[in-house]
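This report refers to the structure that appears directly beneath it.
Excluded from the calculations below are hydrogen atoms, water molecules and symmetry mates; all remaining heavy atoms, backbone and side chain alike, are included. Each residue takes its place number in the sequence, starting with 1. These figures come from a predicted structure and were not determined experimentally.
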Amino acid sequence: MNKYLFLDRSCLQPQGMDNVRLMLAAAEKDTANNPLFHEDFFSTPSLPWEARYDNAYPNVIYDPKYQKYRCYYTFCSKDEESTSTPRAERAKRDYRPMPTRIASLGYAESDDGVHWVKPSLGLVEFEGSRENNMIFRYAHGTGVFLDAEETNPAKRYKLVTKVEYPGSRTFMAVNFSEDGIHWGEMIPWPRWNPPADSHNFPFRDRVDGLFKVITRVWRNGVRVSAICASRDFINWSEPVEILRGDGFESQVYSMPVFWYDGLYLGLASMFHEGDRSAENFDTVDLELTYASACDRFDRVAPYQYLIPRGKGSYPDGDFDCCCIYAAAPIDMGDGRLCIYYMGGNGQHTNFRETSFARAFLPKDRFAWYEARQEEKEAVLATGRLNIYGNELSVLAEAAEGGNGRWRCVPPGRASPLRALALRTAP
């Protein structure tokens, strides 16, 4: 069976479309369980190495071998500005990070995807003890993935990170692990050292079979997403731009991607600055992007958001009222995708506390076309489709209060509908 998502503009014929607009679906937050865990610096007992999550850049994996959900996330294990400022004082002053701040990679796990623990791994010494959940220090924006196609057991897990020693050198590096907990020595990239001050997201490309990592570079003073390729996960190509937002107002901060029925879909965190009086200034929203190949992504519906930020503002707003950074989704096996994300309750460059949460999205229902004017017939025209077999189905539903009438006539006109996906079966 072939499937065509109408969010992919290559499926459509724009000259034949009339009175339609594309709307992005909003994922349903797990309000019964969110947040799943949070910074524990102020908790009792305190985890003093979790000084600030910042963006956290979650990587969530289900490992069938160990039957565990795993979350790898970046946090500041040293941040004097955070540890010396009581929570009650944070709203009264601005956050000014010091150059001595240290980023580290943390680990949490769960049996059911809801109840998470931060196990004591005994790997990294912090203030004279190894009783913590740190995997590495000096690791910024780490990306981790479980390579299902790897034949070498010692390389089941792969990692890309920016190794960052405060006030000293920084370099891109990779690492490998069998169990996802115990890793080898960092292997520096032989060439290229992009800024990479974001989520460095690695994966094996379903189109050309190469390893890819989506990282971040700067162009003309703004953040953009870029991609590097490798055949061996050690030697990487020069980063090439793949997605740009709109000036300062909507910059691409990070973008995990996932393969979905012939397309890559991306979860792009879009950073807003450039106007201090704007309501969304210094916040981060989550947009959906897509690509048929990883050399170029497009925004599905600019300025529409997949996981809406919560209500309010710092310090009394919802835990995710200001910043959203997502992991690539997990297929729940029940017709839903689960998107785990880190939500921050304060402005991106200011004091904030960050929590881990999740939201659900029905499969195929990422976006839909609807009539701009409800009283007028809408036309959604496709390009030429070669249909083989006896069955053609359209995923559509009546808008709230609508009568559900629609027609599919090739070539022809269709009554108002919410069209999400097209399926063909032999």
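- A donor and an acceptor atom, one from each side chain of Arg70 and Tyr157, are located under 3.5 Å apart.
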Between Asn345 and Cys321, does the side-chain contact (heavy atoms from CB on, under 4.5 Å) criterion hold? Intermediate values first, please. CA-CA 5 Å; Asn345 66 350; Cys321 63; 4.2 Å; yes
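- The ring of Phe37 has its center closer than 6.0 angstrom to the ring center of Phe356.
- Every salt bridge (Lys or Arg N to Asp or Glu O under 4.0 Å) that Glu149 has, sequence neighbours left out, goes to Arg204.
- Taking each heavy atom of Arg101 and Cys76 in turn, the nearest pair found is CD-SG, 3.6 Å.
- In this structure, Val117 and Asn133 have side chains that are not in contact, with every pair of non-hydrogen atoms separated by 4.5 Å or more.
- Residues Phe136 and Val163 fail the side-chain proximity criterion, which asks for heavy atoms closer than 4.5 Å.
- Counting heavy atoms from C-beta on, the side chains of Asp298 and Arg9 come closer than 4.5 Å.
- Every side chain to side chain contact (heavy atoms under 4.5 Å, CB included) that Ala293 has, sequence neighbours left out, goes to Asp295.
- For Tyr69, the ring pair (Phe, Tyr, Trp, His ring centres under 6.0 Å) criterion is met by Tyr62, not counting sequence neighbours.
- Using the six-membered ring where Trp is involved, Phe271 and His348 have ring planes that are tilted, between 30° and 60° apart.
- Applying the side chain to side chain contact (heavy atoms under 4.5 Å, CB included) rule to Asn235 yields the partners Pro190, Asp232; only residues at least two apart in sequence or on another chain are considered.
- In this structure, Tyr305 and Leu24 have side chains that are not in contact, with every pair of non-hydrogen atoms separated by 4.5 Å or more.
- In this structure the side chain of Thr161 never reaches within 4.5 angstrom of the side chain of Asn200, judged on heavy atoms.
- Residues forming a side chain to side chain donor-acceptor pair (under 3.5 Å) with Ser269 (at least two apart in sequence, or on another chain): none.
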List the steps and the verdict of side chain to side chain donor-acceptor pair (under 3.5 Å) for Glu287 and Gln304. CA-CA 7 Å; Glu287 287 192 14; Gln304 297 183 42; over 6 Å; no
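- The aromatic ring centres of His199 and Tyr325 sit 6.0 Å or more apart.
- No side-chain heavy atom of Thr289 sits less than 4.5 Å from a side-chain heavy atom of Leu265.
- Under the salt bridge (Lys or Arg N to Asp or Glu O under 4.0 Å) criterion, Lys29 pairs with Asp320, not counting sequence neighbours.
- Judged by the 6.0 Å distance and 45° axis criteria, Arg299 is positioned over the aromatic ring of Tyr303.
- Atom CZ of Arg206 is surrounded by 12 or fewer heavy atoms from other residues, nucleotides or ligands within 6.0 Å.
- Using cut-offs of 30° and 60° for the angle between ring planes, the Tyr57 and Tyr253 rings count as parallel.
- Between the OG atom of Ser237 and the CZ atom of Arg191 there is a distance of 10.0 Å, given to the nearest 0.5 Å.
- Contact of the Lys162 side chain with the Asp197 side chain is not registered, since no non-hydrogen atoms from C-beta on lie closer than 4.5 Å.
- For Pro308, the side chain to side chain contact (heavy atoms under 4.5 Å, CB included) partners at least two apart in sequence or on another chain are Ala26.
- Residue Phe75 is tested with Met134, Met342, Arg52 for a side chain to side chain contact (heavy atoms under 4.5 Å, CB included); the sole match is Met134.
- The NE2 atom of His38 sits 9.5 Å away from atom CG of Leu47, with the distance rounded to the nearest 0.5 Å.
- Tyr165 and Tyr138 have tilted rings, their planes meeting at an angle from 30° to 60° on a 0 to 90° scale.
- Judged as a ring pair (Phe, Tyr, Trp, His ring centres under 6.0 Å), the pairs with a partner in residues 222-246 (not counting sequence neighbours) are, in order, Phe176-Phe233, Trp189-Trp236, Phe211-Phe233, Phe233-Trp236.
- A distance of 8.5 Å separates CG of Asp282 from SG of Cys322, quoted to the nearest 0.5 Å.
- In terms of the salt bridge (Lys or Arg N to Asp or Glu O under 4.0 Å) criterion, residue partners of Lys78 (sequence neighbours excluded) are, by chain and number, Glu80.
- The number of heavy atoms from other shown groups lying within 6.0 Å of CZ (Arg231) does not exceed 12.
- Note: His272 and Phe248 fail the aromatic proximity criterion, with ring centroids not under 6.0 Å apart.
- Counting heavy-atom neighbours within 6.0 Å of Glu241 CD, excluding the residue itself, gives a total above 12.
- The side chain to side chain donor-acceptor pair (under 3.5 Å) test applied to Glu125 returns no partner, not counting sequence neighbours.
- Legend: residues meeting ring pair (Phe, Tyr, Trp, His ring centres under 6.0 Å) with Trp192, ordered by chain and number and at least two apart, are absent.
- Arg296 and Ala291 get closest at one heavy-atom pair: O-CB, 3.0 Å.
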Output, in order, the C-alpha distance, side-chain angles, deciding distance and verdict of side chain to side chain donor-acceptor pair (under 3.5 Å) for Arg352 and Asn55. CA-CA 10 Å; Arg352 54 185 157 114; Asn55 308 328; 2.8 Å; yes
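- Between Ile330 atom CD1 and Ile339 atom CD1 the span is 11.0 Å, to the nearest 0.5 Å.
- By the salt bridge (Lys or Arg N to Asp or Glu O under 4.0 Å) test, Glu353 is found to be paired with Arg90, residues two or more places apart in sequence or in another chain being considered.
- Contact of the Leu267 side chain with the Phe258 side chain is registered, since non-hydrogen atoms from C-beta on lie closer than 4.5 Å.
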